[in-house]
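One structure follows; several queries about it will come next.
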Amino acid sequence: MATHHGKEGVVTIGGTTLGNATGFTVDTTHDVVEDTPLGNSMKSYIVGRGTYTASIDMNFDETDSGQTASTGCRINFCIFTRGQCFWG
């Protein structure tokens, strides 16, 4: 699995870049399911369903048109990794 540093992360809404983003966090987890057949002496496991949470830390700036336009709006969070979008 590749690892990417997020220091160049950008937050956009509707193509408009939001200023004053100070950081973001993405946490992922997957269920682990035992699939050991009867008669085996060692347990084995498979990866189950996954889930994630994401957050953006920002300083509010009322002169930032992207921030004021998004106040009270639903926002889809999209994480780009080399052109691929992971979103929710």
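Sequence positions, counted from 1, serve as the residue numbers for this chain. Predicted model, so just to flag it, every value in this text is computed and none were measured.
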Exercise for the section: Kindly give the cluster partners of Ile46, where membership spreads through any ILVMFWY side chain lying under 4.5 Å from a current member. Expected result: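 The other cluster members (ILVMFWY side chains, heavy atoms under 4.5 Å, direct or chained) are Val33.
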Handout entry: Partners meeting side chain to side chain donor-acceptor pair (under 3.5 Å) with Glu34 (sequence neighbours left out)
Key = Thr36
Practice task
For Asp31, check side-chain contact (heavy atoms from CB on, under 4.5 Å) against everything at least two apart and list the hits.
Solution key: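 Checked Asp31 against side-chain contact (heavy atoms from CB on, under 4.5 Å); matches are Arg49.
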Practice task
With sequence neighbours excluded, tell me which residues meet side chain to side chain donor-acceptor pair (under 3.5 Å) with Thr51.
Solution key: none
Practice task
Could you list the residues that satisfy side-chain contact (heavy atoms from CB on, under 4.5 Å) with Thr22, not counting sequence neighbours?
Solution key: Asp57, Asn59
Handout entry: Residues that Asp35 engages under side chain to side chain donor-acceptor pair (under 3.5 Å), provided they are two or more places apart
Key = Ser44
Exercise for the section: Using the test side chain to side chain donor-acceptor pair (under 3.5 Å), find all partners of Thr63 that sit at least two apart in sequence or belong to another chain. Expected result: Asp61
